[in-house]
Protein chains: 2
Amino acid sequence: MNKKKEDSPLDVLKDFGSRLMVEIQRGVFPSISFPDRGTDNIRFDSDLGRFTLGNATITRDSSNLKHIRSFAQLVWVASFVKQLLESGRTSSLRDLYYSAEAYDVEFKNQAESDRIITDLECVTGLAREDFAIYSEEHSSIFGQLVMRYTVPGYEDKTVNLTMSPDGLPIGPALMTAEPVSSDARCILAVESGGIFSRLIETRAWDRFGCILVHLGGQPPRSTRRLMRKLCVHLDLPLFIFTDGDPWGMHIAQVIISGSANAAHISELTVPSAKWIGITPEDITHYSLPSEDMKNVDLKRLDELTRDIRYADETWQKHIHRFRELRKKAEQQSFSKYGVDFVVDTYLPDKLNI
Amino acid sequence: MNKKKEDSPLDVLKDFGSRLMVEIQRGVFPSISFPDRGTDNIRFDSDLGRFTLGNATITRDSSNLKHIRSFAQLVWVASFVKQLLESGRTSSLRDLYYSAEAYDVEFKNQAESDRIITDLECVTGLAREDFAIYSEEHSSIFGQLVMRYTVPGYEDKTVNLTMSPDGLPIGPALMTAEPVSSDARCILAVESGGIFSRLIETRAWDRFGCILVHLGGQPPRSTRRLMRKLCVHLDLPLFIFTDGDPWGMHIAQVIISGSANAAHISELTVPSAKWIGITPEDITHYSLPSEDMKNVDLKRLDELTRDIRYADETWQKHIHRFRELRKKAEQQSFSKYGVDFVVDTYLPDKLNI
């Protein structure tokens, strides 16, 4: 089942339901086929710079006793999110899990309902955010960007994202808002909240002409979707600034190339995004306060060496140098040179401003 | 050293510095005395409904070799936060730790710098948020409330907190903003982000006339400060809605009565706040999907029985009934009855609306 570009998520769900209905009315046991997302069917497409699924499909056949449970769960999830969309509601993954009880649909645990939601993503080619299903964590955003909000139950309005000097959470309302205009020349995504605050209070966003995103560790998928949307609609480059360790580097990598378990979602990655550090060279060059890498850090570097997303020479060099240095440094370690150093010196160096 | 009501944090810091200078100019080794916050000097004041410190004090004497390190650290922290306030900057606890290196002041680890910041709170009678030192975590807020922001580097402005339908983070800017006006009749603080979103998208805040706060587990101190400020300035009652387990109950308790390690901070608690559930009775009454309590939950109940903050009969009854029931339930378990049940039935029951 492939969505057409112009179809709304609600249209896609209705098509899905109609197809099942037609089969039932014909006296046929309905079945559902969708791309298999098992490891064997996931490949890395170097041209696209992201994971995709191969041609293998799996089928849930309602005439097969072993399939009935997951078939019914999948149809229920589709019907639940259709109601959500029709009533202008959103739901967390957890809410959906509990909501099933109202319909006597059984999930062993939330892991099972999460998996069925992913099945529906594969069936429809859409992401759960299109179905108003969100995780509870939110990143934040701030900058010279006007978004138009269309939230059911509220008047449509445009909001300038410099409005709140603490930033705005990237929640369901902002996720469904549309960019109207922006003076920004780039997007700067930062790992730590301390740096995000510093960039706002020094008006560095104004000086650098950037929209700021606070990732807060590995960001929720909705944050990656929003960054991609802004990059595409506003044609802006994206720079990612993280701690100087394998974990920070991988936060950037997932934004750039995505992850295997979201191989079925096409509009999530930003292949042109750039990791600006803290690189191992930065730790040496700026004599940053650093800590010795622990075994878990070194093991992580080994894993990354073998990771297809790090096949590129530049990435391999970063890994190699981290391994030689055996040190890691946090973004906030720049405060060694005064709290504004990161804004006055490091970022202009890196952004060539 | 006692602050006078009208003194600004900057005045308090200047007084502190001047006193040390005077002693030095007199040729005396300066010393600093402040309330001891050791366990023996912490008591629970039943009238105030919160912890306070007794009369014991400790002294850091610069003529004593053993005191010199912590004396110097304390004076450096005071001078660092004075610069922060003068330059209109904020700092995270982590930033402060790293900033010390620039001045050749040594902290073994962040735990040590955090402790010295608490010492400065004891010395001055102010909270670190008054000195622009924040933790990185933020809760969110939403509702019919207009706040006036005065952020250095930005034009003063008033913001209506219904402006962003995802809520606003309770960050440094909002923490220093002042309430201007509100139509709200109460504040409703909720533990989970799912419930917070639901209350916004159903316009329940409008129906209940409430300002919503998303706690996200045990909230940061700045969130408790803001809730207290709003309760006091706007004369609003505060209701706290958490998961039905010892941990949720304790989130409410800390908002109401504070914690022993903040016994030196007076303006943090809301003794009139009310925990509205999920109580053990609610789990039974609403037949909520629940889980068996684990050993760690039962052990926590034992601790709470002996906790002075739970001395009151009503709290003891809650603990007793949890122990009988041996079940716990999450806020989102109400979705068993449909995603709007919590808004249409449970909260009106509890808030008597």
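None of these values were measured; they are calculated from a predicted model. Letters A, B, ... are given to chains in the order of the sequence lines, protein chains preceding strands, and every chain is numbered from 1. FYI, side chains are in, hydrogens and waters are out, and symmetry mates aren't considered; it's all heavy atoms of this structure.
Residues passing the ring pair (Phe, Tyr, Trp, His ring centres under 6.0 Å) test with A:F241 are A:Y346, sequence neighbours excluded. Checked against ring pair (Phe, Tyr, Trp, His ring centres under 6.0 Å), B:F142 has the following partners two or more places apart in sequence or in another chain: B:W205.
Interatomic distance, A:Y97 OH to B:E330 CD, rounded to the nearest 0.5 Å: 8.5 Å. In this structure, OG on B:S335 lies 9.0 Å from CG on A:L96, to the nearest 0.5 angstrom. A distance of 3.5 Å separates OG1 in B:T90 from CD in A:E201, rounded to the nearest 0.5 Å. Rounding to the nearest 0.5 Å places CD of B:Q332 at 9.5 Å from CG of A:L93. Put simply, CZ on A:R94 and OG on B:S333 are 9.5 Å apart, with the number rounded to the nearest 0.5 Å. Residue A:D95 holds its CG atom at 4.5 Å from CZ of B:R198, rounded to the nearest 0.5 Å.
At least one side-chain heavy atom of A:P169 sits less than 4.5 Å from a side-chain heavy atom of B:P169. Here the side chains of B:D166 and A:M175 are not in contact, with every heavy-atom distance at 4.5 Å or above. Looking only at side-chain heavy atoms (C-beta outward), A:V339 and B:Q83 stay at 4.5 Å or farther from each other.
With a 4.5 Å cut-off on non-hydrogen atoms, B:S192 touches chain A through its backbone and its side chain both. For chain A, no part of B:D206 is nearby; none of its heavy atoms comes within less than 4.5 Å. For a residue to count as touching a neighbouring chain, one of its non-hydrogen atoms must lie under 4.5 Å from one of that chain's; by this rule A:Y149 touches chain B with the side chain only. Within the 4.5 angstrom heavy-atom criterion, atoms from both the backbone and the side chain of A:M163 approach chain B. In this structure, the portion of B:F80 lying under 4.5 Å from any heavy atom of chain A is its side chain and not its backbone.
For the set B:L168, B:I170, B:I195, B:L84, the entry with the most heavy-atom pairs within less than 4.5 Å of chain A is B:L168. Of the listed residues A:P172, A:G167, A:P152, A:S87, the one with more heavy-atom pairs under 4.5 angstrom with chain B than any other is A:P172. Heavy-atom pairs under 4.5 Å with chain A were tallied for B:S99, B:A100, B:G194, B:S92; the largest tally goes to B:S99. When A:Y154, A:Y134, A:Y337 are compared by the number of non-hydrogen pairs under 4.5 Å with chain B, A:Y154 comes out ahead.
Proximity to chain B at a heavy-atom threshold of 4.5 Å picks out A:P289, A:E291 from residues 286-294 of chain A, in numerical order. Contacts between residues 211-228 of chain A and chain B, counted as heavy-atom pairs separated by less than 4.5 Å, involve no residue at all.
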inquiry  = The test is side chain to side chain contact (heavy atoms under 4.5 Å, CB included); show your working for B:S164 and A:V159 and say whether it passes.
reply    = CA-CA 8 Å; B:S164 150; A:V159 173; 5.9 Å; no
